[in-house]
Every structure is written in C-alpha cells, then in structure tokens.
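Scroll down for the structure; my scribbles are underneath it.
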Amino acid sequence: MSSKKKDLGVTPLSEDVSAWYNEIVFKAELADRGPAKGTMVIRPYGYTMWEILQRELDQRFKDTGHVNAYFPLFIPESYLHREADHVEGFSPELAVVTHAGGKELDEPLVVRPTSETVIGEMYSRWISSYRDLPVLINAWNNVVRWELRPRIFLRTTEFLWQEGHTAHANEADAMAETLQMLDVYAEFASTVAAIPMVEGEKTPGERFAGAVRTYTIEGMMRDGKALQSGTSHYLGTNFAKAFDITYTDENNAVQPVHTTSWGMSTRMIGAVILAHGDDQGLVLPPRMAPIQIVIIPIGRDEGGAAALDKAEELANELKAAGVRVHVDSRDASPGFKFNDWELKGVPLRAELGPRDLEAGHVLVAHRVGELDDKGRPVKEQIPFAEFVERVPTMLDAYHQFLLDRADAFREENTSVVDEWGAFADQVSTGFALAFHCGRPECEDDIKAETSATPRCIPTHGEDADGTCIRCDTPSAYGKRIIFGRAY
RNA sequence: CGGGCUGUGGCGCAGUUUGGUAGCGCACUGCGUUUGGGACGCAGGGGUCGCCGGUUCAAAUCCGGCCAGCCCGACCA
C-alpha cells in the first residue's frame, strides 16, 4: 500500500516542499519545462487559471478607470540607459538582440524586462497639457529577465504579466494611484485567490530600480516563506526627467509628470499552489479553479449509463448557473478518478452511482474539509432538487474556509521578536515582526546570518519605537517591519 | 555565476564498483473480465543508456570535455 501510494502519488508537501512543488506542477498538468533554459510551457489547466486571473484583474483595472494598450517587445538599448538606477538594476538580466535579418544591428535591441522606458518615450509624445492627465494605461504582455535560478511560475526567464503605467500632474495624485492599485491587488488576492496579503512598503534596499517608493503585497506560503505577489511603484519624476515627459499646467508653467507602475505576474499562480496545497496535491480556491466541481458517474451497463445521463443533465444545469463543471466519463475506476481530481485540486466532487440515482441524491465531498474515520473526505447527500442551487453556496463557503485557514496559518507563524536568537528561530518557520535601523548593510548582514530579508514595512502596522533587532541602533520606520525568508 | 548531487523507454528506478549483445514497476496499445477510494488476466509496442570525443577486440559501465536538471548561496515579478 505505502509503496504503491508512493509510486502513484507525489512527494508529501510536509516532507519536501521543493520536490512537492516541482512534481505537482507537472503531474497536475499546470505547466511543463520549455526546451530553452528557464522557459515554461503553460498547459491548458494552468493557462485557464491565468485567464481567470486576467479576467478578474482586468475588470478591476477597468473599474478604476484604466484602459489597455500594447507596447513593443523590442526596445533600443540606449533607452534603458536613460534612467541610471533603472539600467543598473536590470542590465544583469537583459536579453539583447544584436543580429537580425542576417546582419548585425546598428543598435542592439533589448527584449523588454519591463516597459517603463518605451512607455516613457511614448508618454512624452502624448502628453503636453494638464488636460491630458492623468494617463491610465495597462498592458498585458510577456517580459524577459535572464534568471540564474529559474523555477516554474515563481521565476522564469520569460513570464506573463500585466504592467500598469500611469502619469499624473503631481505627487499626491500619483501616490493615490500607487496605493489604490496595491489595494486592488490585495483585494484580488483575498477575494479570488483566497490568499491574505500583507500590504506594505519595501525598504530602500528592496526597491524597484528607478522607483522612489515601492509597495508590495506579501503572502505566506505553506512552508512559512514569503512570496512577493504584486508590486506597485511610485516613480516620482525619475522617468519624466529621463524621457522628458512634461506638461504645461494651468499657469502656463512646464512641469514634469509623476508616474507610477504596477504589476502582477504568472508568479501569482505559484502563490496559489504554494499557499493552499497539501500532501494530496493541489488545493485550488474555487474562484480560480478551472473546474469548480467534478461529477463522477459510477457503475456500468444500464446503471452506469443512467448515472452518466443524470450527471450530464445536472452538469448542464450547473453550467447555466455559471458554475465551471466537468463530468468525468473516462473509462477508469472511481477510486482512480477521486485521487486524480484531488491531485488537481478541484474544490468539490460529486459522486453519482446507481444507489444515489435510486435515492435521488448526489454525494458531495470537499477537497479540503472534514474527514471520516477512514481519513477520507466526509460525503454529504444532496437531493437532486437542491443540488444546482446549493453548489454556488458551497463554493463560496469553501472559498471562505480556505481564506480563513490561510489567515490563521499566517497568524500562527508570525511573531513579534525583540531578541536576536528568537529572531533567527522565527524566520526559519515564518514571519518576524521586528525593529530595524534601516541601513542596507545591516539588512545584508541579517540576510547573511539568517537568509531572511525585510519583506515590507506593513501599511497597517502599529506605530512603535525600539532599537534594531541586529545592531541595536534606533528603529528607522516608526513601527516594526516584517522579516522572512522569501521565494 | 560559485559549492554539492543527478542524467538509463512517457514517469520512477536497478544495472556502473569488477567493461561482454539493456532490465523492473507504473504508464501506453489490443482483446476479455471489472467499476461506491489508485481493478485484473492474456498478448503487444516503445530506449543510438544527456551530448561529443578518447581508451579497448568490446563501453550504460573506464577517461576527458560539454550540456541539462535539482538542492544550497548571490540576483529577482
């Protein structure tokens, strides 16, 4: 049994998170490795999650007044050099095209690692008056950053994302935009992905190359590590000055615009995998699940055929009610299918066999929930007449359950610490709330000793004063900041 | 890019020490029996042993180089 289970299953998450993550990505058919180093193929099951994320986020962008556009993949190399910090930050990971059309190019083209520079160039052409502001544009695209240590979804050489780029008349408007979009990300993560996020500002050492202030949402994964899941930057007038993006104000004075940029990527899929998964495989939050409920008809011959008919009838009604449902009519045993869909993280499973047909109900089990004395999910009998109406309610309740569970997990693994020894222990399993002096060298020292980094200065943290957890000099932030190991 | 480990049918592995005509489990194909927690029987198909070169009568096995993957660091959405 155990050896059989081992052959068929995956390395338990509780045993080895890295091995579990790699196996689950392949076995659940989310993605595969591409032939070139660091590239990934997103398979239909994984891509459907991306499509759902896109739809949900895009709606939120539109609701907050943004419009979509597309900017080019290739950027003249010189553009990157116009903003000093920006090049410095990105040049180590640029892919550069030097030859094309059978000859060497006059000027190399970089494959965009992000689009601040091309967009800056275009905004300088489009903006001339305060009447043109704000400009609120988002782009869905792919970017390339030459990563030394790729991991599917978490860090790939090419990844999909959206990058919002806005231009405003003054700092206050741009800052309001920056913080608004951070809230959009946090709300999305909680409402759709069932992941509670800590919102906060990055310390100077962790700031985006070229930004004045960088904000982040940080989620806690099942192993207590942090994952930066979305970022929003106030770029000040740095790019306005580098690309001459200016406007004439009401008093006929020429002013630089204040810009922002904000992004969420396919890494968010990795966050969903790592925030909810368990030893049996994926656990998908219902609002991101490609399949929200799978119906498994049981039995063969007449009984089986009748079960299949009824399953399809119920599935059609669920579809009409807006539920993503799948009927598994494969020629495989029920037990195999149960395990298969559990591996794939489908939130609800309905079983429907001759006995249920007779009794007029289906048996519904939750992917994560109460277990019976055999350690199997409790199955609830739901009469046919109530089924279609109850599924959406059950999905909502299950969403809430996963969110609460993730929230409780984060609470349990977050502690206030004021002593160095306790700090080192705490960051090995979760988040530490501690005072810090704010010096980048001290951050480096902490990282060298514990592999933990400052994740953020939490927006909702309480005001407090103290001395640095590492070097005892006064705290720089007026509150405790969050440290943790990160993906 | 540094340090460690690993490359053998789709997946997981044995075989490498001591060179001698490539094997197991799962998956796959066909037929039959099965179907309420990873079914069974019979019959099949599939591998230039990561790549290149060397030693040898003979290389998965020994030697050199390269490539890829994983883990730990540095970089990062």
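In what follows, every chain begins at residue 1, and chains take the letters A, B, ... in the order their sequences are listed.
- Using a 4.0 Å heavy-atom distance criterion, A:Ser261 is classed as making no nucleic acid contact.
- Nucleotides B:C63 and B:G19 are separated by 12 Å at their P atoms, to the nearest Å.
- Of the two residues near RNA chain B, A:Gly299 and A:Gly230, the one whose nearest nucleotide lies more 5' is A:Gly299.
- Nucleotides B:C26 and B:A39 are separated by 12 Å at their P atoms, to the nearest Å.
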Run the side-chain donor-acceptor check on residues 221-230 of chain A: report pairs under 3.5 Å with partners two or more places apart or on a different chain.
residue: A:Arg222; atom: NE; partner: A:Gly277; partner atom: O; Å: 3.0
residue: A:Asp223; atom: OD1; partner: A:Lys225; partner atom: N; Å: 3.1
residue: A:Asp223; atom: OD2; partner: A:Tyr487; partner atom: OH; Å: 2.5
residue: A:Gln228; atom: OE1; partner: A:Lys202; partner atom: NZ; Å: 3.1
residue: A:Ser229; atom: OG; partner: A:Leu227; partner atom: O; Å: 2.9

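- If you take CZ of A:Phe159 and P of B:A77, they are 8 Å apart, rounded to a whole angstrom.
- Atom CZ of A:Arg33 and atom P of B:G69 are 7 Å apart (whole Å).
- The interatomic distance linking A:Leu343 (CG) with B:C26 (C1') rounds to 15 Å, in whole Å.
- Within the shown strands, nothing qualifies as a pairing partner of B:C76 under the Watson-Crick or G-U definition with both distances less than 3.5 Å.
- Evaluation of atom-type donor-acceptor distances gives a pair under 3.5 Å for the side chain of A:Ser265 against the base of B:A77.
- For B:G65 and B:A27, the C1' atoms lie 36 Å apart once the distance is rounded to whole Å.
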Using residues 40-51 of chain A as the side-chain source, report each donor-acceptor pair under 3.5 Å to any protein atom, sequence neighbours left out, with the distance given to one decimal.
residue: A:Tyr45; atom: OH; partner: A:Lys344; partner atom: O; Å: 2.7
residue: A:Thr48; atom: OG1; partner: A:Pro44; partner atom: O; Å: 2.7

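- The base of B:G36 sits with one of its N or O atoms less than 3.5 Å from a complementary donor or acceptor on the side chain of A:Asp356.
- Judged by distance alone, with hydrogens and angles left aside, A:Glu342 brings no side-chain donor or acceptor close enough to the base of B:G38 to form a pair under 3.5 Å.
- As judged by a 4.0 angstrom heavy-atom cut-off over every strand, A:Ile296 is placed among residues making no nucleic acid contact.
- B:A68 and B:C52 have their C1' atoms separated by 15 Å, given to the nearest Å.
- Atom-to-atom, OH of A:Tyr487 to C1' of B:C75 comes out at 18 Å; the value is rounded to the nearest Å.
- Straight-line distance between the C1' atoms of B:C70 and B:A77: roughly 23 Å, to the nearest whole Å.
- The separation of B:U61 from B:G15, taken at their C1' atoms, amounts to 9 Å, rounded to a whole angstrom.
- Residue contacts for A:Pro377: at a heavy-atom cut-off of 4.0 Å it reaches a base atom on one of the strands shown.
- Using Watson-Crick or G-U wobble geometry with both donor-acceptor distances under 3.5 Å, B:A22 finds no partner in any strand shown.
- Atom CZ in A:Arg485 sits roughly 18 Å away from atom C1' in B:C76 (whole-Å rounding).
- Remark: the A:Arg376 side chain and the B:G36 base include no donor-acceptor N/O pair separated by less than 3.5 Å.
- Both distances falling under 3.5 Å, in either a Watson-Crick or a G-U wobble arrangement, place B:C66 opposite B:G50.
- Using modelled atom types, no side-chain atom of A:Arg213 and backbone atom of A:Thr178 make a donor-acceptor pair closer than 3.5 Å.
- Between B:G37, B:G36, B:C76, one nucleotide has an atom nearer to the side chain of A:Lys379 than all others, and that is B:G37.
- Base pairing of B:A43 is made with B:U29, judged by Watson-Crick or G-U wobble geometry with both donor-acceptor distances under 3.5 Å.
- The same atom, C1', is picked in B:A22 and in B:G3; the two are 35 Å apart, to the nearest Å.
- Between A:Trp161 and A:Phe159, the ring planes are perpendicular. Angles over 60° get that label, and only those under 30° would be called parallel.
- No side-chain heavy atom of A:Pro334 sits less than 4.5 Å from a side-chain heavy atom of A:Glu351.
- At whole-Å resolution of the value, CZ in A:Phe26 and P in B:G69 are 10 Å apart.
- The aromatic ring of A:Phe336 does not sit over the base of B:A39, since the test of centres under 5.5 Å and planes under 30° is not met.
- Residue contacts for A:Arg355: at a heavy-atom cut-off of 4.0 Å it reaches a base atom on one of the strands shown.
- The P atoms of B:C49 and B:U8 are separated by 12 Å, rounded to the nearest whole Å.
- The ring-ring contact (aromatic ring centres under 6.0 Å, His included) contacts involving residues 215-235 of chain A comprise A:Phe208-A:His233, where partners must be two or more places apart or lie in separate chains.
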Full working for side chain to side chain contact (heavy atoms under 4.5 Å, CB included) between A:His258 and A:Met175
CA-CA 9 Å; A:His258 293 250; A:Met175 272 304 300; over 6 Å; no
Write out a two-atom table: protein N or O, nucleotide N or O from nucleotides 71-73 of chain B, distance below 3.5 Å.
residue: B:C71; atom: OP1; partner: A:Ser18; partner atom: OG; Å: 3.4
residue: B:C72; atom: OP2; partner: A:Arg149; partner atom: NH2; Å: 2.4
residue: B:G73; atom: N7; partner: A:Arg149; partner atom: NH1; Å: 3.4

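- One interatomic measurement links the two molecules: CD1 of A:Ile269 to P of B:A77, which rounds to 18 Å at whole-angstrom precision.
- If you check every strand for non-hydrogen atoms under 4.0 Å, A:Gln228 touches sugar and phosphate atoms only.
- Counting any heavy atom pair closer than 4.0 Å across all strands shown, A:Lys337 reaches no nucleic acid atom.
- Using a cutoff of 4.0 Å between basic side-chain nitrogens and carboxylate oxygens, A:Arg439 and A:Asp445 are not scored as salt-bridged.
- Ranking B:G37, B:G69, B:U34 by closeness to the A:Asn339 side chain, first place goes to B:G37.
- Applying the side chain to side chain donor-acceptor pair (under 3.5 Å) test to every pair with at least one member in residues 81-98 of chain A, sequence neighbours left out, gives no pairs at all.
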For residues 450-457 of chain A, tabulate all N or O donor-acceptor pairs below 3.5 Å that involve a side-chain atom, not counting sequence neighbours.
residue: A:Thr450; atom: OG1; partner: A:Ile446; partner atom: O; Å: 2.8
residue: A:Thr450; atom: OG1; partner: A:Ala452; partner atom: N; Å: 3.1
residue: A:Thr453; atom: OG1; partner: A:Arg455; partner atom: NH1; Å: 2.6
residue: A:Arg455; atom: NE; partner: A:Glu218; partner atom: OE1; Å: 3.1
residue: A:Arg455; atom: NH2; partner: A:Glu218; partner atom: OE1; Å: 3.4

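- A:Ile446 has its CD1 atom 14 Å from the P atom of B:A74, to the nearest Å.
- Residue-to-nucleotide proximity on RNA chain B shows that, of A:Arg155 and A:Ala332, the 5′-proximal contact is made by A:Ala332.
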